[in-house]
Undergrad: 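The structure follows.
Sequence lines set the chain letters: A, B, ... in the order given, protein chains first and strands last, and positions in each chain run from 1.
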Amino acid sequence: MFVAAYSETGLAGLEFPTAVGSARRADSRDAGQRGVPTNSIRRWHEITVKALKTALTGRTPVGLPPLDMSSGTAFQRRVWSALRKIRPGQTRSYAEVANAIGRPRSARAVGGACGANPIPVLIPCHRVVSANGGLGGFSAGLKWKRLLLAREGIQLD
DNA sequence: GGACGTTTCTATG
DNA sequence: CATAGAAACGTCC
C-alpha cells in the first residue's frame, strides 16, 4: 500500500511499501494534512492514484498532480526535473543526468539527489543506472528498482 | 572530516 | 588491455 502526503502546494511525498508483494494494487490514501483544503487534496489524490497506476504499468501518466518539491535544494530540483523527461523503457546513467543539468562532473551528487527524491515512480529515479550497465543503488530497495525496470521492459543484462 | 545510489582521468604493468 | 588511485559534486552525519 502506498501512502501519499500532500502539502499546500501539491503532492509532497510518496511512501513505498517495504514489501514488494504487497503493492500489486496501486492503491493509496492520503496521510492527513492540516491546513490544506480537503477538496484540493481529493482532486490531487485522484490524479495521483491514476498517474501512479499508469506509471506502475510502465506507461507515461497523462496528467500529474502538482508536485511540491520545496523540500529539495536548487540542485535537487534540477535533477528531479531532468528525471521526469526520461521516457518509460529508457534509462540514463548518473553521468548523463549530470550532464543534462549542466553539471557534468556531478554524477555522484546526482545519486544523492535521486536518493533524496520524495516522490519515487512519478519522478523516475529508478531509470537511472550506472554507466557500466550496473543497477546502481536504490534507497527504497533494489528489489523495487528491478521490478520497475522490468515493468517497462528494460533489459537488465 | 567521512561516506554515499558515480565517473573519468592518470599512471603502471 | 586490465587494474588501481585519485579527484570532482552536493548533502548529510
Side-chain angles (χ1 to χ4, degrees), chain A residues 1-28 31 33-34 36 47-49 51-61 64-157:
Chain A
M1 177 76 91
F2 284 90
V3 178
Y6 299 91
S7 72
E8 312 170 346
T9 321
L11 178 62
L14 267 185
E15 189 186 315
F16 258 75
T18 13
V20 171
S22 70
R24 301 281 290 286
R25 304 178 56 90
D27 231 3
S28 44
Q33 291 292 314
R34 306 171 298 264
V36 184
I47 302 173
T48 299
V49 172
L52 196 51
K53 280 183 177 176
T54 307
L56 285 175
T57 59
R59 284 173 300 125
T60 308
L64 288 179
L67 304 180
D68 180 8
M69 316 202 208
S70 60
S71 63
T73 65
F75 175 80
Q76 290 170 335
R77 283 195 289 256
R78 289 240 282 294
V79 172
W80 299 338
S81 301
L83 253 31
R84 293 201 302 161
K85 295 177 189 164
I86 309 179
R87 319 283 244 118
Q90 275 187 106
T91 59
R92 285 281 194 69
S93 70
Y94 293 96
E96 283 172 327
V97 175
N99 191 54
I101 62 174
R103 292 278 185 301
R105 309 271 169 277
S106 309
R108 193 165 193 183
V110 167
C114 285
N117 168 22
I119 313 175
V121 187
L122 262 36
I123 293 178
C125 46
H126 59 276
R127 298 196 187 117
V128 185
V129 296
S130 302
N132 61 10
L135 266 186
F138 202 62
S139 310
L142 278 175
K143 287 199 275 185
W144 271 108
K145 191 163 183 172
R146 264 190 233 276
L147 179 75
L148 291 168
L149 291 177
R151 269 304 158 90
E152 299 179 4
I154 292 174
Q155 289 293 339
L156 299 177
D157 299 317

Undergrad: Return the value, rounded to whole Å, for the distance between atom CZ of A/Arg103 and atom P of B/dT7.
TA: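 The distance from CZ of A/Arg103 to P of B/dT7 comes to 18 Å, rounded to the nearest Å.
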Undergrad: Starting from P on B/dG5, measure out to CG on A/Asn117 and report it in whole angstrom.
TA: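 Value for this atom pair: 14 Å.
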Undergrad: Any idea which of B/dG5, C/dT11, C/dG10 is nearest the A/Phe138 side chain?
TA: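 For A/Phe138, the side-chain atoms sit closest to B/dG5.
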Undergrad: Would you measure the distance from the C1' atom in C/dT3 across to the matching atom in B/dG5 and give it in whole Å?
TA: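 The same atom, C1', in both gives a distance of 24 Å.
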Undergrad: Rounded off to whole Å, could you give me the CG-to-P distance for the A/Asn99 and B/dT7 pair?
TA: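 Nearest whole value for this atom pair: 12 Å.
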Undergrad: Give the nucleotide from the list B/dG5, B/dT7, C/dG10 with an atom nearest to the side chain of A/Ala109.
TA: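 Taking heavy atoms from C-beta onward, the closest nucleotide is C/dG10.
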Undergrad: Report yes if some heavy atom in the side chain of A/Thr60 is under 4.5 Å from a heavy atom in the side chain of A/Thr54; otherwise report no.
TA: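 No, too far: nothing below the 4.5 Å cut-off.
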Undergrad: Whole-Å distance between C/dT11 P and A/Trp80 CH2?
TA: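 Rounded to the whole Å, the gap is 10 Å.
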Undergrad: Please report the distance, rounded to the nearest Å, between CZ in A/Arg92 and P in B/dT7.
TA: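 For the pair A/Arg92 CZ and B/dT7 P, the rounded distance is 13 Å.
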Undergrad: Take atom CZ of A/Arg77 as the centre, draw a 6.0 Å sphere, and report whether it contains more than 12 heavy atoms from other residues, nucleotides or ligands.
TA: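 Count over threshold, so yes.
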Undergrad: To check you understand the geometry: which heavy-atom pair defines the closest contact between A/Trp80 and A/Gly72, and what is its length?
TA: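 So the two residues come closest at CH2-CA, 3.8 Å.
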Undergrad: Of A/Pro104 and A/Val110, whose closest DNA chain B nucleotide lies nearer the 5' terminus?
TA: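 In this pair, the answer is A/Val110.
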Undergrad: Please give, in whole Å, the distance from C/dT11 C1' to A/Phe75 CZ?
TA: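 Atom CZ in A/Phe75 sits about 10 Å away from atom C1' in C/dT11.
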Undergrad: Would you kindly give the CZ-to-C1' distance between A/Arg108 and C/dA8, to the nearest whole Å?
TA: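 It works out to 9 Å between those atoms.
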Undergrad: Students often get this wrong, so: under 4.0 angstrom with heavy atoms, is A/Gly115 touching a base, only sugar-phosphate, or nothing?
TA: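 Base, at least one base atom sits under 4.0 Å.
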Undergrad: In whole Å, what is the span from the CG atom of A/Asn132 to the P atom of B/dG5?
TA: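 Interatomic distance, CG of A/Asn132 to P of B/dG5: 16 Å.
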Undergrad: Nearest heavy-atom pair of A/Leu83 and A/Cys125: which atoms, and what distance?
TA: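 Taking A/Leu83 first and A/Cys125 second, the nearest heavy atoms are CD2-CA, 4.2 Å.
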Undergrad: What nucleotide, of B/dG5, C/dA8, C/dT11, holds the atom closest to the side chain of A/Arg105?
TA: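 Nearest nucleotide to the side chain: C/dA8.
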Undergrad: Apply side chain to side chain contact (heavy atoms under 4.5 Å, CB included) to residues A/Val121 and A/Trp144 and explain how you reach the verdict.
TA: CA-CA 10 Å; A/Val121 187; A/Trp144 271 108; 5.9 Å; no
Undergrad: With respect to the phosphate group of C/dA8, does any side-chain polar atom (N or O) of A/Ser106 fall under 4.0 Å of OP1 or OP2?
TA: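 No, no such contact exists.
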Undergrad: Once you apply a heavy-atom cut-off of 4.0 Å, does A/Ser139 come out as touching a base, just sugar-phosphate, or nothing?
TA: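 The answer is base, as A/Ser139 lies within the cut-off (heavy atoms under 4.0 Å) of a base atom.
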Undergrad: Counting only Watson-Crick pairs (N1-N3 plus N6-O4 or O6-N4) and G-U wobbles (N1-O2, O6-N3), all under 3.5 Å, who is the partner of C/dA6?
TA: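 Across any shown strand, C/dA6 pairs with B/dT8.
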Undergrad: Counting side-chain heavy atoms from C-beta on, which of B/dG5, B/dT7, C/dT11 comes nearest to A/Gln76?
TA: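 The nucleotide sitting nearest to the side chain is C/dT11.
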